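Report on the structure given below.
Naming convention: chains lettered A, B, ... in sequence-line order (proteins, then strands); numbering from 1 in each chain. Computed from heavy atoms alone, side chains included, the values below leave out hydrogens, waters and symmetry copies. None of the values given here were measured: they were computed from a predicted structure.
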Amino acid sequence: MTKILDVNGLVTRFYSVDGVVHALNEVQFDLEPGETLGVVGESGSGKSVTMMSLLGLIPKPPGRVEGGTAVFNDGSDTFDLLKLSEKELQEVRGGKVGFIFQDPISSLNPTMTIGKQIAESMMTHLQLGESEARKRTINLLQQVGIADAERRYDSYPHEFSGGMRQRVMIAIAVACEPAIVIADEPTTALDVTVQAQIIELTQRLQKQMGMAVVWITHDLGVVAGMADRVLVMYGGTVVESALVDDLYENPQHPYTIGLLGAIPKMEGEDERLVSIEGSPPDLLQPLTYCPFASRCPFVFQRCWKERPLLIPIGKNHDTACFYDVERGAPRDHV
Amino acid sequence: MAGTTTPPAVGMEEYVEPTWGSKLAYVWRLLWRDKGGLLGMILFLLMVITAVFAPIIAPHDPLEQNLRDSKLPPAWYEGGNWDYPLGTDRLGKDIFSRIVYGTRVSLTVAVFGVLIAGGLGLLAGLVAGFMGGKVDGAIMAGVNLWLAIPYLVFVVVIASILGRSLFNVILIFGITDSPIFARVTRGEVLRIRQSGYVESAISVGASTSRIMFDHILPNLIGPLITLATFEMSAMIFYEAGLSSWAERAAHWCQLGQHGRSLPSILAKLPWMVIYPGLAIAIASLAMNLLGDWLRDVLDPRLRRSRA
Amino acid sequence: MQRYLLSRLVQSFLLLLGVLIVVFFMIRLTGDPVSLMVPKEAPAEVREAFREANGFNRPLYAQFFEYLLNAFQLDLGHSLKFRQSNLSIIMERLPSTVYLATISLFLAIVIAVPIGIIGGFNPGSAADTVGRAFGLFGQTIPGFVFALYLILIFAVRLGWLPSFGRDFWYSVILPATALSIGGIGQFVRLTRSAVLEIRNEDYIRTARSKGLSKMAIGARHVARNAALALISVVTVQYSYMLGGSIYIESIFAWPGLGNLLQGAIVDRDFPLIQALAIVFSFFVVTLNLLTDVIYAVIDPRIRYGS
């Protein structure tokens, strides 16, 4: 199948008063139509910045996307997202790619009815009139599980609970039936029970509309339950990518191994990442060696001298590490 | 994770107690980064120097009348002379000397006014914030009542009742301005009390005075100093307004046709208005720039939001 | 919402009551109101007759209750100088003050808000730098100093505009400009920072993620929320302009309440001063209440909130 998104060498930097933050260092990944890609990593690893960079949503200044390609191909159209003008990007955002953000409280405009916030997207991209957009919005509200949708169209965000607001956010994201939905930690701010409902809803809509979903999280438990494939990010790079079962059974990057070791096994416990010893890399330095070197138990001379690139080590399984964990020795020929 | 190779640790130098010299150097770096703040600081220091050394700087007694030299223009105009750099008024008083001494009066009113307002406000705010309940309710009701009153009108009226001596003016400004300090203090106390570190200090049984001196007061300094700067600016400008207003009122009383006399003064003796006005505007500019700079430097919340 | 408004109404009423109390005791700050109102050199009989005639010889609580009772019947006493009811004198001058303050407010909004919006949307640009400098100027220069400079330039030097009175329709231009300058400074700064702050809100990111154009985001999402942030500042500024016009009115000999107050102070007409203080406070309290009502009507969080 043709990839709906193929990203290579994505570089994003932030020019702050303290210096240049090397937020993304040649990020590489792809996305198949209809699949669910989990993106995991600690905060600052570049999960969100990657997705924001693709669609021109990082604040500029101080941010700048300085390299790479991101080819989007939904069967009818092919183009490089990074070469689009702001106006062309506006057509992609909301139209072909929808977003769900983490905090449903602050992510909705407090002074606009939720109905209008959803309908506004349809009116922009589908050239619908107000009454037609209203009809479709009410229909959509019912689909995302909001009872009494007709009346709730005119409600304001503060009249909803956190979970209900996240349903509204989802409705905004899928309003124009996009090919890709990017969900940026959409359940982090919610109760565990509500989390499950939101995940279930997203999966149902995904099947119904045939969307690819990129699910950004630092919760490996969520990813294990719903993703087809997983991308592990660290220090602004992708350090491992694999099919979900493969990754959990056969992790190849020391960071991934550390993460999985850090998952508490108790059912119902908080399954968020427990931090690994040491501190995350200093993004103010250009990445000339392995970002994980200072925390890695397998580190050796080469790791300090050059940066490992993502290499295929199995079917659908890539990792960026000089050390072969299975053999217990440095890799040859890389 | 023993036995790993790590690069040598950096940035772990021993903590050294900062000296006065290093503190000053740090303030200088902060000022150099914000040129507006630097300008404000320079102007403010100039004002302080002018106020302190007024008798040395001013060529004349500000009240001294030299009828022979009345209505002189500034020195660089025809008919002016350097004895009276900025000219004289109708009674031959030296405008420049009046500005120099006026700076002294303005700063005295502003400094003592803010000290009184800050002292009273701090006390009331601390009591309200700490005692809570009915005491808090009563103090805040008073504060809100006072803030619902048109400040300027009441200052003018009270000054006319009590008389406009320097002492009275300071007292009036000090008392009428204290509610703002009380409100800010109380807000900060409540905010700081709710923060984790004070709650934990309370939970391990730290005494009230300990919490106050170790946790609350150090955190209050920033917002209060910033507020004090802006309030000093306001007092300088209200005081100047008050005295010029009172002068005009008195004049109006004598002539009964003030509206007609002001333009004629301005036409004949424009320097009487231009330079004192400029001095007040510069003083106000200095305090505003300084206040903006202090707010940026002292308020960690703002600093974070700017980053 | 009704409960909210009712509580605000009660609050305003209590504030007014508080103001009446403050004013009552302010006049008695020196101990004896008679000594304020009658010249010191007046013979003792005159003083006593005055004391008797104005009821200052009665017990303080009796004076106080009569004063309150009268105030609630809109009787604010009689002027010593004009020999007529204070309220009628005030009502005669009121339109001039309201006219001046309203025009000043309008001027400040029309000039400052666009400057602030441009700055907020293009921080660091040349236009923003100029706008901020202008805002700093407005915030820094005292209104009465600006007023004198305006007169010097436009009335004395150029002779374009009248510098006193309210004889022509264009008489209002100079006083309104002088009175609006402080508001301009404040509005430029606040509009700019409100726009900047709102542009960083998560919901603006959501709006961008929907693919809305910059214009649509500015008009539908930023403007409304920025306006909400500005309303309270605008009403506070309006009450400053109504009350703060006393310096400006006296410079321009504008026939309003500020000038009336100046005359009353010069003439030591304390019943009139007292009435004016009450009226000026009434403006502030009413405008505060009005602000709450406006928010209750247009801010959905209050309209439908608890």
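Interface check for chain C: of the options A/M123, A/E91, A/E120, A/H125, the most heavy-atom pairs under 4.5 Å are formed by A/E120. Each of A/S121, A/G95, A/P178 has some count of heavy-atom pairs under 4.5 Å with chain C, and the biggest count is that of A/S121.
For C/I198, no part lies under 4.5 angstrom from a heavy atom of chain A. In this structure, chain C has a heavy atom under 4.5 Å from the side chain of A/T124, while its backbone stays farther away. If you measure heavy-atom distances from A/V92 to chain C, you find no contacts under 4.5 Å at all. Looking at A/L55, neither its backbone nor its side chain comes within 4.5 Å of chain C, counting heavy atoms on both sides.
Using modelled atom types, no side-chain atom of C/K210 and backbone atom of A/A175 make a donor-acceptor pair closer than 3.5 Å. Judged by distance alone, the side chain of C/T206 and the main-chain N or O of A/L108 form no donor-acceptor pair under 3.5 Å. Looking only at distances, a side-chain donor or acceptor of A/R93 sits under 3.5 Å from a matching main-chain atom of C/R208. Side-chain N or O atoms of C/R224 include one that pairs as donor or acceptor with a backbone N or O of A/T111 at under 3.5 Å.
Distance check: C/S209 OG to A/I100 CD1 gives 10.0 Å after rounding to the nearest 0.5 Å.
Residue pairs meeting the salt bridge (Lys or Arg N to Asp or Glu O under 4.0 Å) criterion with at least one partner in residues 45-57 of chain A, sequence neighbours excluded, are A/K47-A/E185. Within the structure, ring pair (Phe, Tyr, Trp, His ring centres under 6.0 Å) contacts touching residues 193-239 of chain C (residues at least two apart or in different chains) do not occur.
In this structure, A/P110 and C/N225 approach most closely via the heavy-atom pair CG-OD1, 4.0 Å.
Residues from residues 211-220 of chain C that place a non-hydrogen atom less than 4.5 Å from a non-hydrogen atom of chain A comprise C/G211, C/L212, C/S213, C/K214, C/R220, given in numerical order.
Remark: C/A108 engages C/S180, C/I184, C/F187, C/M241 in a side chain to side chain contact (heavy atoms under 4.5 Å, CB included) (not counting sequence neighbours).
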